[in-house]
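One structure is given here, and the rest of the page talks about it.
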Amino acid sequence: MDDYVHDDSNFALQVEQNLDVVFPNDDSSTTDNYSTLGGYGYASSSSSSSIDSHLILPERSQSSRLAAVFLLVNAALGAGLLNFPQAFDQAGGISVALLVQLVLVCCVCFGLLVLAHSSWHVHAATLQGTMAGTCGKKGSIVCSLLIALYCFGTCVTFLIIIGDQFDRVLKSLVGPNFCYSWYMNRQFTISASALVFILPMCYSRTIDFLKYASSLGVLAVVYVVGLVVAQHYTGDFVPGPIKTSPDHWTDVFYVVPVICFGYQCHVSVVPIYSCMDDRRMGSFTVVIVATLALCSSAYTLTGTYGYLTFGSDVSSDILEDYSGASMAVLVGIVAIAVKTVTTYPILLFCGREALTSVWCQFVGDFEPSYPPTERLRRVVISTLWFATTIVLAVISPGIGIVIDALGSLAAVFIFILPGLCLLQTCLQRDPCLMVNRMRWYVGIAVMFAAVGAFIMGVVLVQTVERVLTTPATPSYLCT
């Protein structure tokens with residue numbers, strides 16, 4: 001019996017000594033032991049030998065911490081910014097919304113670090129590859145489908161925003177009855193602008209040519225934030241009722257999907273982390289904290305000043321509440337339009353690649369070169385994707401409902417997937433949970449995933465309830 005206890009102690013000691021491989025807590029530089037084997041952003045390792053060796057990690061560039069911050073901010077800041085003021089009202093006021101945001105930001109920070117840890121452990125360069133290395137082939141397929149669904153919904157949101165901006169300008173220039181002319185109706189403006197400006201960029205095999213244009217997105221968002229703050233002090237607006245507490249305690253969950261949608265950059269964090277020249281956890285923590293600080297500042301300023309300006313009368317898209325006759329507002333409208341036009345093809349590309357990876361895993365097509373059917377598959381997926389998002393954007397009453405639905409899905413990326421990655425990584429390194437620290441990690445992982453499942457369920461139920469009980473009256477500007 002003593003020998004048995006002694007052996008267990010030695011095993012636990014060995015596991016403890018290897019924990020830093022999974023959860024490094026020193027500042028020593030991580031070494032690059034990736035192998036280039038071919039496929040979808042994963043390289044085989046001893047801890048994941050069951051995964052097919054065709055999954056690869058591409059060559060890693062030398063990105064600085066500043067570049068990583070910029071990339072993550074660009075991935076996080078987006079269409080959700082326009083919905084924050086209304087979310088503050090639905091949650092019961094500014095103080096309640098900011099408290100919920102603080103808690104969720106801490107969870108977002110933890111989830112991003114867990115995904116980075118897990119990707120380093122399994123030598124993955126994408127979120128799909130990380131799920132493949134930690135949860136196996138089924139986990140990779142489910143993750144790919146979720147990414148495709150999330151990107152699809154976000155594309156619908158972007159098209160709705162484009163229609164909203166056209167309505168804003170046309171109402172100011174033509175009058176409140178502008179949409180009775182077919183060529184100024186949002187069905188035509190959304191479809192025509194998307195066909196001219198977006199569709200030509202959707203068939204590219206690579207998305208490299210958009211990397212410089214998309215960098216303007218951060219500047220566009222910064223301008224919109226400044227516009228909202230400036231209009232509060234210079235505009236002549238009479239705000240509606242301003243809440244100081246929620247009508248019911250469950251109202252606090254109305255702000256959760258908007259915050260989750262606004263901070264969701266988990267799909268991008270793994271490839272961005274894998275491209276850093278300094279991938280120490282201490283260094284990457286600085287990147288995450290700086291990113292979340294910038295995003296929190298933008299969302300807090302927009303939500304607070306937008307809500308104080310209009311109160312409960314604020315629209316789901318706050319730019320609709322400003323006069324399009326103002327040159328400053330027109331510039332903001334153009335800035336948001338440029339942001340959406342340049343980001344839509346990137347999201348379509350990510351969603352298309354996720355669907356393609358699922359297809360390739362089912363048919364067993366893992367050739368590194370493009371097969372003869374690649375062009376046809378790319379054209380068919382892109383065309384169907386584009387046409388379907390156009391239809392949904394035209395019939396949708398506004399971005400509020402879409403963001404609520406996407407927020408429930410974003411909870412999967414923020415809570416459930418990091419929780420599963422942490423759980424599987426711990427079990428790979430210490431299957432018998434001999435070390436107390438690993439037991440704590442497993443407990444945290446299970447709790448994190450459970451919280452995500454709860455939030456997703458509550459938000460999804462609230463969204464369905466709002467759809468069924470609230471009249472589907474579009475918040476369009478045409479009278």
Side-chain angles (χ1 to χ4, degrees), residues 22-23 76 80 84 87-88 90-92 95-119 121 127 130-131 134-135 139 142-143 145-147 149-150 153 246 248-270 285 288-289 291-292 295-296 299-300 403-427 433 436-466:
V22 188
F23 305 101
F84 259 74
F88 276 33
Q90 294 173 342
S95 58
V96 175
L98 291 181
L99 180 60
V100 175
Q101 181 179 216
L102 177 61
V103 174
L104 288 178
V105 166
C106 294
C107 295
V108 168
C109 181
F110 177 77
L112 291 173
L113 291 174
V114 166
L115 290 178
H117 272 132
S118 301
S119 68
H121 170 58
L127 183 57
T130 302
M131 291 299 296
T134 56
C135 301
V142 172
C143 181
L145 293 175
L146 289 175
I147 290 174
L149 181 60
Y150 186 84
H248 192 270
W249 72 271
T250 57
D251 291 349
V252 298
F253 289 101
Y254 283 123
V255 76
V256 171
V258 179
I259 295 176
C260 290
F261 180 74
Y263 285 94
Q264 200 290 117
C265 56
H266 295 61
V267 175
S268 306
V269 69
V270 174
T285 301
I288 296 299
V289 172
T291 298
L292 295 180
C295 292
S296 298
Y299 288 133
T300 299
I403 288 180
D404 286 346
L406 291 176
S408 64
L409 185 57
V412 176
F413 295 103
I414 293 176
F415 291 94
I416 298 179
L417 295 188
L420 292 177
C421 287
L422 179 59
L423 175 63
Q424 292 299 322
T425 302
C426 291
L427 294 178
L433 298 180
N436 288 332
R437 184 149 61 106
M438 297 300 285
R439 295 168 187 163
W440 279 103
Y441 286 143
V442 168
I444 293 173
V446 172
M447 182 182 66
F448 207 64
V451 169
F454 172 76
I455 291 177
M456 179 185 176
V458 171
V459 171
L460 192 59
V461 169
Q462 287 182 329
T463 302
V464 173
E465 182 182 4
R466 288 176 59 188

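Throughout, residue positions are numbered sequentially from 1 according to the sequence presented.
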Mind checking side-chain contact (heavy atoms from CB on, under 4.5 Å) for T285 and listing every partner two or more places apart, or none if nothing turns up?
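In terms of side-chain contact (heavy atoms from CB on, under 4.5 Å), with neighbours along the sequence ignored, T285 is linked to L113, V289.
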Looking at residues at least two apart in the chain, or sitting in another chain, which of them share a side-chain contact (heavy atoms from CB on, under 4.5 Å) with L99?
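Once residues adjacent in sequence are excluded, L99 has no partner under the side-chain contact (heavy atoms from CB on, under 4.5 Å) criterion.
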Ignoring hydrogens and angles, tell me if any N or O in the side chain of T425 forms a donor-acceptor pair with the backbone of L422 under 3.5 Å.
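A pair under 3.5 Å: no.
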With respect to L423, which candidate in V114, V442, T134 satisfies the side chain to side chain contact (heavy atoms under 4.5 Å, CB included) definition?
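That would be V442; it is the only one of V114, V442, T134 passing the side chain to side chain contact (heavy atoms under 4.5 Å, CB included) with L423.
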Ignoring hydrogens and angles, write down the donor-acceptor pairs under 3.5 Å from the side chains of residues 256-265, residues two or more places apart or on other chains.
{"unit_1": "Y263", "atom_1": "OH", "unit_2": "Q101", "atom_2": "OE1", "d": "2.7"}
{"unit_1": "Y263", "atom_1": "OH", "unit_2": "S296", "atom_2": "OG", "d": "3.1"}
{"unit_1": "Q264", "atom_1": "OE1", "unit_2": "H266", "atom_2": "N", "d": "2.8"}
{"unit_1": "Q264", "atom_1": "OE1", "unit_2": "V267", "atom_2": "N", "d": "3.4"}

How close do [X] and [Y] get, counting heavy atoms only, and between which atoms?
X	Y	value
V252	P246	CG1-CG, 4.4 Å
M131	G139	CB-O, 3.8 Å
C143	L127	SG-CG, 3.6 Å
V412	P418	O-CD, 4.1 Å
F448	C107	CZ-O, 3.4 Å
A97	F88	CB-CD1, 3.6 Å

How many angstroms lie between atom [atom1] of [X] and atom [atom2] of [Y], to the nearest 0.5 angstrom?
X	Y	atom1	atom2	value
I455	I414	CD1	CD1	8.5 Å
C426	W440	SG	CH2	13.5 Å
L292	Y299	CG	OH	10.5 Å
H117	C421	NE2	SG	12.5 Å
L115	F110	CG	CZ	10.0 Å

Do the non-hydrogen side-chain atoms of L149 and L145 ever get within less than 4.5 Å of each other?
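In short, these two side chains do not touch, never coming nearer than 4.5 Å.
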